[in-house]
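The structure under discussion appears below in the form of structure tokens.
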Amino acid sequence: MDISAQALRDRLRGALLAAAATPMTASGEVDLGVVSRYFAGLVEDGVDGLAVLAHTGRGPYLAPDVRAAVIERAVALGVPVLVGVGGSSEPSGTPNASGSSEPSDASEPPGAAGRFARAAEEARVAASLGAHGVLVFPAEGDRLGGHDAIWRAARLPMIAFDLYTRPCPPDTMLDLLRHPGVAGLKTALLSDAMGCQRAISLARQEGRLAITGEDRMFGPSLLWGAEAALVGLAAASVGVTAAVMDAYRGSDLRAFDAASARLDRLATATFTEPMEGYVQRMLWLAAAEGRIPESHAHDPYGPSLPEQERARVMSTVVSTGGFAAR
């Protein structure tokens with residue numbers, strides 16, 4: 001393993017990172033002042049680092065200048081910052097009117113080389129702006145080749161990503177975990193317990209950081225050996241998520257059970273079908289907690305959700321202890 005990847009692995013061990021959203025209007029406009037205050041609030045409330053422009057942050061949809069500005073705001077806070085790179089998208093800045101869960105390839109040059117070139121450039125920009133690592137979106141085709149292209153372009157440590165929309169085959173996962181630039185693996189499979197267990201086991205076997213992104217299997221994934229967390233639930237409900245991590249580090253099993261049950265109630269209300277709607281649900285929570293204004297609590301790239309769904313989510317949050325006023 002490269003020394004830079006080893007350093008990132010060691011720095012993130014035991015950490016809670018927020019898979020931060022990107023607050024925006026219904027038309028997709030981003031206010032950088034809102035972004036700065038939102039990121040700062042997450043850090044103040046207890047996250048150890050930020051993952052920006054990833055799945056929750058709708059990174060593949062955002063224009064390069066917006067991406068760069070978001071990275072700058074995160075890095076300015078002095079915590080570890082991971083940047084999502086790669087993924088396919090609509091033309092920059094154009095919301096996905098269909099609300100489909102998979103971005104289209106409309107803006108990509110033909111073939112895998114085009115996807116890797118864009119991801120490599122995004123990684124170069126992230127490195128130049130002071131990011132500590134990149135979270136690599138899964139792509140069709142030669143995943144190992146894609147990671148290698150990103151590594152050669154930026155020499156920035158990478159976190160491989162086993163995402164529910166494109167699960168990673170075990171043989172490919174093992175190859176990725178043996179790449180010198182890969183510091184760890186985030187698993188976000190949502191309902192595949194055996195896949196999650198396998199990913200954690202392989203990461204630890206290869207000396208890489210096993211990172212849980214399992215909002216619906218959070219407590220169990222820690223018990224299965226995850227050594228850090230990078231979750232969408234921490235895009236708003238930092239305290240609920242941090243309480244599980246804190247209890248896990250301690251010796252009070254009853255406290256861990258209670259904290260996990262509280263988180264599970266929240267995850268059941270927010271990470272549910274349509275699954276891509278979780279981003280909108282977390283933005284609703286962020287607005288209810290006073291982290292962002294209502295005007296910027298929109299996910300124009302996800303499915304449209306009925307207003308009664310918002311009421312249901314809010315009711316669940318109240319049952320877990322209410323909103324932390326900011």
Side-chain angles (χ1 to χ4, degrees), residues 18-39 41-42 50-63 66-67 69-70 73-74 83-84 86-104 106-107 135 137 161 163-165 188 190 213 215-216 230-238 241 266-314 316-317 323:
T22 304
M24 63 184 78
T25 66
S27 61
E29 296 178 4
V30 176
D31 183 319
L32 295 173
V34 171
V35 170
S36 293
R37 291 188 293 274
Y38 166 63
F39 287 170
L42 296 178
L50 298 168
V52 301
L53 304 173
H55 195 200
T56 307
R58 297 308 195 202
Y61 297 101
L62 301 181
V66 175
R67 288 178 55 90
V70 168
R73 269 59 180 183
V83 175
S88 53
S89 67
E90 293 281 337
S92 295
T94 302
N96 180 1
S98 69
S100 64
S101 62
E102 278 294 301
S104 79
S107 67
L135 179 67
F137 275 80
F161 196 2
L163 182 62
Y164 66 96
T165 57
L190 292 178
D215 302 82
R216 291 300 301 264
L230 196 174
V231 287
L233 276 175
S237 300
V238 177
T241 313
L266 180 59
T268 299
T270 51
F271 283 75
T272 187
E273 297 296 338
M275 194 58 67
E276 284 297 297
Y278 87 86
V279 176
Q280 179 61 76
R281 298 180 191 111
M282 295 311 300
L283 286 165
W284 284 339
L285 293 187
E289 292 176 351
R291 299 180 186 278
I292 59 175
E294 286 286 344
S295 59
H296 287 72
H298 296 276
D299 174 26
Y301 304 104
S304 178
L305 301 178
E307 189 59 29
Q308 58 264 35
E309 174 120 348
R310 182 171 189 167
R312 180 184 61 79
V313 172
M314 297 302 108
T316 301
V317 174
F323 300 102

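Atoms considered below: every heavy atom in the structure, side chains included; atoms not considered: hydrogens, waters and symmetry mates. Everything numeric here is computed off the predicted structure, so don't read it as measured data.
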Within a strict 4.5 Å, meaning less than it, do heavy atoms of the Arg73 and Val52 side chains meet? no

From Thr165 OG1 over to Met275 CE, what is the distance, rounded to the nearest 0.5 angstrom? 11.5 Å

Hey, is the main chain of Thr270 close enough, under 3.5 Å, to the side chain of Arg281 for a donor-acceptor pair? yes

Could you list the residues that satisfy salt bridge (charged side-chain N to carboxylate O under 4.0 Å, His left out) with Arg216, not counting sequence neighbours? none

Go through the structure and list residues passing side-chain contact (heavy atoms from CB on, under 4.5 Å) with Thr25, not counting sequence neighbours. Ser27, Glu29, His296

Roughly how far, to the nearest 0.5 Å, is CG of Asp31 from CZ of Arg37? 6.5 Å

Sequence-distant partners of Gln308, side chain to side chain donor-acceptor pair (under 3.5 Å), two or more places apart: none

Output the distance between atom OG (Ser237) and atom CZ (Arg291), rounded to the nearest 0.5 Å. 7.5 Å

Minimum heavy-atom separation for Leu53 to Phe137, with atom names? O-CE1, 3.8 Å

Between Ala54 and Leu135, the two heavy atoms sitting closest are CB-CD2, 3.8 Å

Can you name the side chain to side chain donor-acceptor pair (under 3.5 Å) partners of Tyr38, sequence neighbours left out? none

Output the distance between atom CZ (Arg310) and atom CH2 (Trp284), rounded to the nearest 0.5 Å. 6.5 Å

Applying side-chain contact (heavy atoms from CB on, under 4.5 Å), name anything that partners Asp299, two or more places apart in sequence or on another chain. Arg58, Val279, Gln280, Leu283, Tyr301

For Ala18, which residues count as a side-chain contact (heavy atoms from CB on, under 4.5 Å) partner, sequence neighbours excluded? Leu42, Val47, Leu50, Ala234

How are the rings of Tyr278 and Phe271 set relative to one another: parallel (under 30°), tilted (30 to 60°) or perpendicular (over 60°)? parallel

Do you know the tightest heavy-atom contact between Ala19 and Leu230? CB-CD2, 3.6 Å

